[in-house]
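Have a look at the structure below, then the notes.
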Amino acid sequence: MTFDYDDQNIFAKILRGEIPNQTVYESDHALAFKDINPQATHHVLVIPKGPYMSLDHFAIEAPTEEQAGFMAAVGEVCKLLELDSGFRAICNTRIHGVQEVPHFHMHIVGGEQLGQMLP
Ligand code: 5GP
């Protein structure tokens, strides 16, 4: 499949500084910020700074350096949030995955006992 990135999505606007966010962590390759509608005690979104619309787009087309930078940011967020008792990482993708924002993001959800992964 081909991946068409739309730079008018809300996370692209956050990256450009057009919309404020509550930053948790930032590096050359990634930004992590609090979800505006948290589903648990901790709910952080980690996004790459590059223009990727989804997990598969990022995994297939992002250079190794960007992928490593993104995963390093995920690790830093886990450390900062002290998620020793565990957490859930979610990457909703396109229509079947019910992805709302078409800029690749990983939800890091935790800080309390979570329920079933799928209802
Ligand atoms: P998705 O369904 O695409 O995986 O999740 C998108 C997430 O982005 C949702 O959890 C939603 O609450 C969050 N979100 C949408 N708009 C904004 C925003 O303007 N700021 C922040 N911080 N989060 C947002």
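Numbering of ligands and ligand atoms starts at 1, following listing order. For clarity, every value in this text was computed on a predicted model and none was experimentally measured. Numbers here are sequence positions counted from 1.
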(request) Could you tell me whether the side chains of Gln99 and Thr93 share a donor-acceptor contact shorter than 3.5 Å? (result) no
Side chain or backbone, does [X] bring an N or O within less than 3.5 Å of an N or O on ligand 1?
{"X": "Ile10", "answer": "no"}
{"X": "His105", "answer": "yes"}
{"X": "Leu45", "answer": "no"}
{"X": "His107", "answer": "yes"}

(request) Quick one: look at Phe11 and ligand 1, take heavy-atom pairs under 4.0 Å, and tell me if it's side chain, backbone, both or neither. (result)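 Side chain only.
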(message) Heavy-atom pairs closer than 4.0 Å: do any link ligand 1 to the side chain of Lys34, the backbone, both, or neither?
(response) backbone
(message) Are Lys34 and Val24 packed together at the side-chain level, in the sense that at least one heavy-atom pair is separated by less than 4.5 angstrom?
(response)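 When only atoms from C-beta onward are counted, Val24 and Lys34 do touch, with a gap below 4.5 Å.
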Those atoms of ligand 1 less than 4.0 Å from some heavy atom in [X]:
{"X": "Val98", "result": "2 (O)"}
{"X": "Asn92", "result": "1 (P), 2 (O), 4 (O)"}
{"X": "Asn37", "result": "12 (O)"}
{"X": "Gln99", "result": "3 (O)"}

(request) Establish, yes or no, whether a centroid distance under 6.0 Å links the rings of His105 and Phe11. (result)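 Yes.
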(message) I'd like to know whether Phe70 forms a ring-ring contact (aromatic ring centres under 6.0 Å, His included) with Phe58, so could you lay out the CA-CA distance, the side-chain angles of the two residues, the decisive distance to 0.1 Å, and finally the verdict.
(response) CA-CA 10 Å; Phe70 176 82; Phe58 187 68; 5.3 Å; yes
(message) Using the rule that Ile, Leu, Val, Met, Phe, Trp and Tyr join whenever any side-chain heavy atoms are under 4.5 Å apart, tell me whether Ile19 and Leu31 fall into a single cluster.
(response) yes
(message) Which residue and atom name correspond to the protein heavy atom nearest atom 24 (C) of ligand 1, and how close is it?
(response)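 Ranked first by proximity to atom 24 (C) of ligand 1 is Ile36 CG2, 3.4 Å.
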(message) I'd like the name of whichever of Thr93, Asp35, Ile14, Ile47 reaches closest to atom 12 (O) of ligand 1 through any heavy atom.
(response) Asp35
(request) From the options Lys13, Glu100, Gln22, select the one whose nearest heavy atom is closest to atom 3 (O) of ligand 1. (result)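 Going through Lys13, Glu100, Gln22 one by one, Glu100 has the nearest heavy atom to atom 3 (O) of ligand 1.
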(request) Evaluate the criterion ring-ring contact (aromatic ring centres under 6.0 Å, His included) for residue pair Phe104 and His57; output intermediate values, then yes/no. (result) CA-CA 8 Å; Phe104 169 47; His57 186 193; 9.5 Å; no
(request) Please state whether the rings of Tyr5 and His103 are parallel, tilted or perpendicular, taking 30° and 60° as the class boundaries. (result) perpendicular
(message) Whether the side chain of Glu26 engages the backbone of Ala32 through a donor-acceptor N/O pair (distance < 3.5 Å, no angle test) should be reported.
(response) no
(request) Considering only NZ, NE, NH1 and NH2 on the basic side and carboxylate oxygens on the acidic side, decide whether Lys13 and Asp7 come within less than 4.0 Å. (result) no
